[in-house]
Amino acid sequence: MSASQGEADLSEDERAGLELVRETGGIHQSDFWKELGVSSRKGSRLVEGLESAELIQREETVYEGQRTYYLEPTASDRDFSLLMAGDMLSPFIGEEEVDPQADAFSQWLMNLTYEEE
């Protein structure tokens, strides 16, 4: 199921939950239901629905001394297009320090410029 297909079937509460996860880039489940103003039980059900629709992923963690889950948008939900120039990923990704005079940076900028035309 694609993300857009999964989103079409969401309830209003699930849409609000998905938007919260997207806006924050990631949130602990214990904060998720509090932010939405729902019970922990309902929050857990919302998370299960979003996870089964493959719109979010959750990972078990400890937060403020309690076991909980960390909720993040799925990788397919993230937009990496601003990092791309043609088929080249920005040279600033993964490097500690990039020399603006480097060939990789110049090539990336040239690809970005040609893409605009």
Flag yes if Leu46 and Leu10 sit in one hydrophobic cluster, no otherwise; membership is Ile, Leu, Val, Met, Phe, Trp, Tyr, and two members link when side-chain heavy atoms are under 4.5 Å apart.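 Yes; tracing contacts between hydrophobic side chains, which count when under 4.5 Å, links both residues.
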Qualifying residues under salt bridge (Lys or Arg N to Asp or Glu O under 4.0 Å), relative to Glu51, sequence neighbours excluded: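 Checked Glu51 against salt bridge (Lys or Arg N to Asp or Glu O under 4.0 Å); matches are Arg58.
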What pairs with Glu23 under salt bridge (Lys or Arg N to Asp or Glu O under 4.0 Å), at least two apart in sequence or on another chain?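 Applying salt bridge (Lys or Arg N to Asp or Glu O under 4.0 Å) to Glu23 gives none.
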Can you pull out every ring pair (Phe, Tyr, Trp, His ring centres under 6.0 Å) where at least one residue sits in residues 31-68? Sequence neighbours excluded, please.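 Those involving residues 31-68 are His28-Tyr63.
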About how many Å separate [atom2] of [Y] and [atom1] of [X], when rounded to the nearest 0.5 Å?
X     : Y     : atom1 : atom2 : value
Gln66 : Thr61 : CD    : OG1   : 12.0 Å
Arg45 : Glu14 : CZ    : CD    : 12.0 Å
Asp31 : Tyr70 : CG    : OH    : 10.0 Å

Residues forming a side-chain hydrogen bond (donor to acceptor under 3.5 Å, both in side chains) with Gln107, sequence neighbours excluded: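 Here the qualifying residues are Asn111.
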In a table with atom names and distances, give each donor-acceptor pair under 3.5 Å that connects a side chain of residues 35-44 to protein atoms at least two apart or in another chain.
from, atom 1, to, atom 2, distance (Å)
Ser39, OG, Lys42, N, 3.0
Lys42, NZ, Asp13, OD2, 2.5
Ser44, OG, Gln29, NE2, 3.2
Ser44, OG, Ser40, O, 3.0

Below 4.5 Å, heavy atoms only, C-beta onward: do Leu50 and Leu71 meet side chain to side chain?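 No; the side chains remain at least 4.5 Å from each other.
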Non-hydrogen side-chain atoms of Ile27 and Val21 separated by less than 4.5 Å: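 A side-chain contact exists here, since the closest heavy-atom pair is under 4.5 Å.
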Using side chain to side chain contact (heavy atoms under 4.5 Å, CB included) as the criterion, list what pairs up with Glu60, not counting sequence neighbours.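 Glu60 satisfies side chain to side chain contact (heavy atoms under 4.5 Å, CB included) with Arg67, Tyr69 only.
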Looking at Gly26 and Pro73, what are the two nearest heavy atoms and their distance?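 For Gly26 versus Pro73, the nearest heavy atoms are N-CD, 4.4 Å.
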